[in-house]
Amino acid sequence: MTTPFFPPPGPATFALVDANNFYVSCERVFAPRLRDRPVVVLSNNDGCCVARSEEAKALGITMGQPFFAVRALLEQHQGVALSSNYTLYADMSRRLMTLIGQYSPEQEIYSIDESFLRFSGCDHWDLTQRGRELRARVLQGLGLPVGVGLGATKTLAKLANRLAKQHPDFRGEGVCNLQELTPAQQAGYFAGLAVEAVWGIGRQWSARLQQQGLATVAHLMRADVPTIQRQFSVVLAKTVMELNGISCLPLEEAPPPRQQIIASRSFGQVVTTFDLLSEAVASHTARAAVKLRKEGLQAGLIQVFIATNPFKPEAPQYHPGATVPLSIPTADTTRLLRAARVGLRHIYREGYEYKKAGVILLDLAPVGAVTGDLFAPPQRATSARQAQLLAVMDDINRRWGRGTVRYLAEGLAQPWQMRRGRMTPRYTTCWDELPQAGG
DNA sequence: TCTGGGGTCCTAGGACCC
DNA sequence: TCTGGGGTCCTAGGACCC
C-alpha cells in the first residue's frame with residue numbers, strides 16, 4: 001500500500017501548465033514539414049479550425065472559424081489543414097500529464113492539454129525556477145511547448161498562464177508567477193487585461209460586465225461580491241473572490257463521477273430517411289455503450305436527438321429529442337439499441353433534411369451499485385452469455401480497431417459518415433503507422 | 001458545396017405532495 | 001363568500017469550459 005499524501009495546511013500556490021496550440025504541436029512533433037508555416041487542425045467532419053499555429057493566428061484565422069472560409073487564405077500562404085487525429089492527441093496527452101505530475105504530488109488533469117498542480121508547504125522553493133525546469137523537461141522529452149502560470153488560486157494561475165503566453169514580459173520564458181509580484185505590479189498587468197481573459201467569463205457575461213463599467217480584470221477584482229452574485233450567479237461571485245486570492249475552487253485530484261455520456265456526429269451529407277437515421281443513431285449508441293462499459297457504468301435513461309442544419313435557416317428547421325427510460329439500468333448494447341430506436345420512432349418526421357444525430361446516456365451508476373425496484377415486475381437481467389459476448393466484442397475492437405465487429409443495425413455502407421480527408425498517421429499507437437526515418 | 005463534439009453547473013418554472 | 005405555503009423533483013434553457 002502506498003502512503004497517502006496529506007497536504008500541509010495553510011496557503012498554497014497553484015500552477016496551471018498547458019500546451020501551446022496542443023493539436024498543432026502534436027502534429028509538428030512527427031512532421032517537421034509543418035514547422036514555420038501556418039497549420040490548422042480541423043474539427044470532426046473537417047468543419048472548423050479548432051487549433052491554430054502562431055503563423056495561422058497571425059493570418060487572422062480565429063478559433064472555430066469554418067474551414068471553407070479560410071481555405072483560400074491558407075493555400076495562399078502555403079498553409080496546411082489537417083483532420084483531427086484524436087488517437088495521437090490522447091496518447092501524447094497521457095505522456096504529457098505523466099511528466100507534469102512528477103512536479104507535485106497534487107495534480108488535477110483538467111483537460112486534454114491542461115493540468116493544475118498544487119504546491120503546499122513549499123515556501124522555501126523557488127517555484128518560478130521549478131516552472132522553468134518543467135517547461136524545459138517537457139520540451140526535451142516530448143517536443144511540446146508549454147506555458148506555466150502560478151498564483152494563489154486556480155483562477156489566478158489561469159490568468160498567469162495567459163500572461164506567460166501573451167505578455168512580452170513573460171513570453172520569452174513562458175513562465176509567469178503572480179506570487180512574486182507586488183500588488184502594484186499585479187494591478188498594472190490586470191488593468192491591461194480585458195475581463196474576458198478571466199477563466200469562466202465568456203462573451204455574454206463579458207458584454208454585461210462592460211455595460212456596467214467593468215471592462216478590465218482590475219475593475220472586476222474590485223467589484224462587490226454580493227452584488228455580482230445577485231446580478232449574475234454564485235459562479236461569478238466565486239471568480240471575483242478567486243481573483244482576490246481567496247481560493248474557492250479546490251483541486252480535483254480524482255475526477256468527479258460522470259453525469260452523462262454523449263455520442264453524436266454531424267453527417268458528411270444530408271440524411272432524410274428513417275432507415276439511414278436509424279443506422280447513425282445505432283452507431284452512436286454502440287459507441288456510447290462501449291464507453292459506458294469501459295468505465296464500469298450502467299445507464300438508466302437514454303436520450304435520442306436529431307437535428308436539421310441550423311446554418312440553413314431557409315430550410316425547415318426541426319430538432320426534437322426523446323427520453324427513453326430503460327426498464328432496468330444496463331450497459332448492454334442490444335438493450336440500448338432497442339431503446340434508442342423507440343425514441344427515434346417517436347421523433348422522426350418525414351420532409352426534413354437532417355444534418356446531425358446523437359444519443360445521451362443518463363442516470364449513470366457503477367455496475368453493482370444499482371438498487372433493484374422491489375415492486376416492479378421481475379426483469380431478466382443481461383445474461384452471463386450476453387455479457388461475455390459484449391466483452392469479446394469490446395476486446396476484438398480494442399485490438400483490431402473500432403468497428404471491426406459491429407451490429408448490423410449500424411449499417412454497412414454508412415453514407416452518412418463524417419468527412420475526414422486530411423488525417424495524419426497514428427504515429428505512437430499503431431505499429432503500421434510508426435514515423436519513418438530516412439528514405 | 002462547405003459551419004465540431006463532449007462536458008459541467010446554475011436557474012427558473014411547473015408538477016406534485018403534504 | 002372564502003382557495004396556503006413550503007419542500008422536492010424534474011426539465012429546459014442558458015451560461016461556461018476545452
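In what follows, chains carry the letters A, B, and so on, assigned in the order in which the sequence lines appear, proteins first and then strands, with residues in each chain numbered from 1.
- Among the heavy atoms of the strands, none lies under 4.0 Å from A/Arg208.
- At the heavy-atom level, A/Asn44 lies under 4.0 Å from the strands shown only through sugar-phosphate atoms.
- Among the protein residues, A/Tyr110 comes within range of the sugar-phosphate backbone only, with heavy atoms under 4.0 Å from sugar or phosphate atoms but none that close to a base.
- Using a 4.0 Å heavy-atom cutoff across all strands shown, A/Phe67 reaches no nucleic acid atom at all.
- The residue A/Ile201 sits close only to the backbone: its heavy atoms come under 4.0 Å of sugar-phosphate atoms, none of a base.
- A donor-acceptor distance shorter than 3.5 angstrom exists from the side chain of A/Asn161 to the backbone of A/Gly147, with no hydrogens or angles considered.
- For the pair A/Arg208 and A/Phe232, the distance from NZ or CZ to the six-membered ring centre is under 6.0 Å and the angle to the ring normal is within 45 degrees.
- Within the nucleic acid shown, A/Ile112 has no heavy atom closer than 4.0 Å to any nucleic acid atom.
- No engagement by A/Asp46 is indicated, since no non-hydrogen atom pair under 4.0 Å with the nucleic acid exists.
- Projected onto DNA chain B by closest heavy-atom contact, A/Arg265 and A/Pro257 fall at different nucleotides, the more 5' of which corresponds to A/Arg265.
- Heavy atoms of A/Lys312 sit nowhere under 4.0 angstrom from any nucleic acid atom.
- A/Ala69 comes within contact range of no nucleotide atom at all, as no heavy-atom separation falls under 4.0 Å.
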### Task
Walk me through it: do A/Arg28 and A/Glu55 pass the test salt bridge (charged side-chain N to carboxylate O under 4.0 Å, His left out)?
CA-CA 13 Å; A/Arg28 279 182 168 171; A/Glu55 298 81 0; 3.0 Å; yes

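- Taking atom P on both nucleotides, B/dT3 is separated from C/dC18 by 25 Å, rounded to a whole Å.
- The partner of B/dC18, taking Watson-Crick or G-U wobble pairs whose two distances both stay under 3.5 Å, is C/dG5.
- Crowding of A/His167 atom NE2: a count of heavy atoms from other residues, nucleotides or ligands under 6.0 Å exceeding 12.
- In this structure, A/Gln65 reaches neither bases nor backbone, as no heavy-atom distance under 4.0 Å exists between it and the strands shown.
- Of all nucleotides in DNA chain C having an atom under 4.0 Å from a heavy atom of chain A, the first and last in 5' to 3' order are C/dA15 to C/dC18.
- Note that CZ of A/Phe30 is 7.5 Å distant from OH of A/Tyr427, once rounded to the nearest 0.5 Å.
- Summarising the geometry, atom CD belonging to A/Gln140 is positioned 10.0 Å from atom CG belonging to A/Leu99; distances are rounded to the nearest 0.5 Å.
- A/Met423 CE to A/Glu433 CD: the interatomic distance, rounded to the nearest 0.5 Å, is 7.5 Å.
- Taking the nucleotide of DNA chain B with the nearest heavy atom to each of A/Val234 and A/Lys355, the more 5' of the two is matched to A/Lys355.
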